[in-house]
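These figures come from a predicted structure and were not determined experimentally. In what follows, chains are A, B, ... by sequence order, proteins preceding strands, each numbered from 1.
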Amino acid sequence: MDRLKINELIWQAVASIPKGKVVTYGQIAKLSGYPGLARYVGLTLKNLPSNTTLPWHRVINAKGEISFPQGSPEYKRQKALLKAEGVIFNKAKLPAGIYDWL
DNA sequence: GTTGTGACTACCA
DNA sequence: ATGGTAGCCACAA
């Protein structure tokens, strides 16, 4: 009886990410209880309002990069937010071991 | 009820 | 190493 939409679960999972760490969509999906819905995580975050307090910028793809094309405003925003969190980008990729959240 | 799509992931050449 | 293809589940029209 999952009255709760996957959206709610995603929000919780993303909100549970500690500062200075990042996780992949697959991890979020798995933590949300939907191991195969990595894609939907992104769709959910996309549906989030601009005034959300959710740290969606801590969610990245399995390659350790931002899923947005470089040069895109969202890409820059996420990169800036991560930098403010203490996450350092080696060019466009993130150092491994950062996903060692759980 | 069917079809299409997606801020993904894993596998194969 | 890189690039392309297939699989995956949930939601919207």
Side-chain angles (χ1 to χ4, degrees):
Chain A
M1 317 177 329
D2 34 26
R3 312 278 168 65
L4 273 291
K5 284 192 169 156
I6 194 168
N7 240 343
E8 300 277 342
L9 298 171
I10 301 275
W11 295 339
Q12 289 210 14
V14 175
S16 301
I17 305 174
K19 176 179 165 230
K21 290 277 198 218
V22 296
V23 283
T24 68
Y25 292 94
Q27 278 285 9
I28 291 292
K30 187 176 182 182
L31 293 169
S32 302
Y34 295 82
L37 268 180
R39 301 184 100 175
Y40 202 79
V41 177
L43 295 179
T44 300
L45 298 177
K46 179 175 58 183
N47 268 294
L48 288 172
S50 333
N51 53 1
T52 184
T53 60
L54 197 70
W56 59 271
H57 51 266
R58 292 181 188 150
V59 186
I60 57 172
N61 61 17
K63 299 180 205 119
E65 312 181 8
I66 298 177
S67 303
F68 294 107
Q70 292 186 5
S72 197
E74 294 292 74
Y75 175 88
K76 295 189 201 165
R77 174 166 352 227
Q78 184 165 12
K79 180 166 164 278
L81 287 165
L82 287 171
K83 185 180 176 192
E85 297 280 324
V87 180
I88 306 168
F89 268 78
N90 186 358
K91 276 176 163 278
K93 290 182 211 160
L94 224 53
I98 246 180
Y99 321 109
D100 203 18
W101 163 36
L102 289 177

Partner residues of A:Ile28 under the side chain to side chain contact (heavy atoms under 4.5 Å, CB included) criterion, sequence neighbours left out:
A:Ile10, A:Ala13, A:Val14, A:Ile17, A:Val23, A:Ser32, A:Val41, A:Val59
Side chain to side chain contact (heavy atoms under 4.5 Å, CB included) partners of A:Lys19, counting only residues at least two apart
A:Arg58, A:Glu85
Output for pair (A:Ile6 CD1, A:Tyr40 OH), nearest 0.5 Å, gives 6.5 Å
A:Gln78 and A:Phe68, any side-chain heavy atoms less than 4.5 Å apart
yes
Below 4.0 Å from chain A heavy atoms, what is the first contacting nucleotide of DNA chain C and what is the last?
C:dG7 to C:dC11
Report the C-alpha separation of A:Thr52 and A:Trp11 in whole Å, then their side-chain angles, then the decisive distance to 0.1 Å, and conclude whether the side chain to side chain contact (heavy atoms under 4.5 Å, CB included) test is met.
CA-CA 10 Å; A:Thr52 184; A:Trp11 295 339; over 6 Å; no
For residues 28-53 of chain A, the salt bridge (charged side-chain N to carboxylate O under 4.0 Å, His left out) pairs (sequence neighbours left out) are none
Once salt bridge (charged side-chain N to carboxylate O under 4.0 Å, His left out) is applied, what residue pairs with a partner in residues 73-84 of chain A remain, sequence neighbours excluded?
A:Glu74-A:Arg77
Check nucleotides 7-10 of chain B against the protein and report each pair of N or O atoms closer than 3.5 Å, with its distance, or say if there are none.
unit_1, atom_1, unit_2, atom_2, d
B:dA7, OP1, A:Lys46, NZ, 2.8
B:dA7, N7, A:Gly42, O, 3.2
B:dA7, N7, A:Lys46, N, 3.3
B:dA7, N3, A:Tyr25, OH, 2.9
B:dC8, N3, A:Arg39, NE, 2.9
B:dC8, N4, A:Arg39, NE, 3.1
B:dC8, N4, A:Arg39, NH1, 3.1
B:dC8, N4, A:Arg39, NH2, 2.1
B:dT9, OP1, A:Ala62, N, 2.9
B:dT9, OP2, A:Ala62, N, 2.5

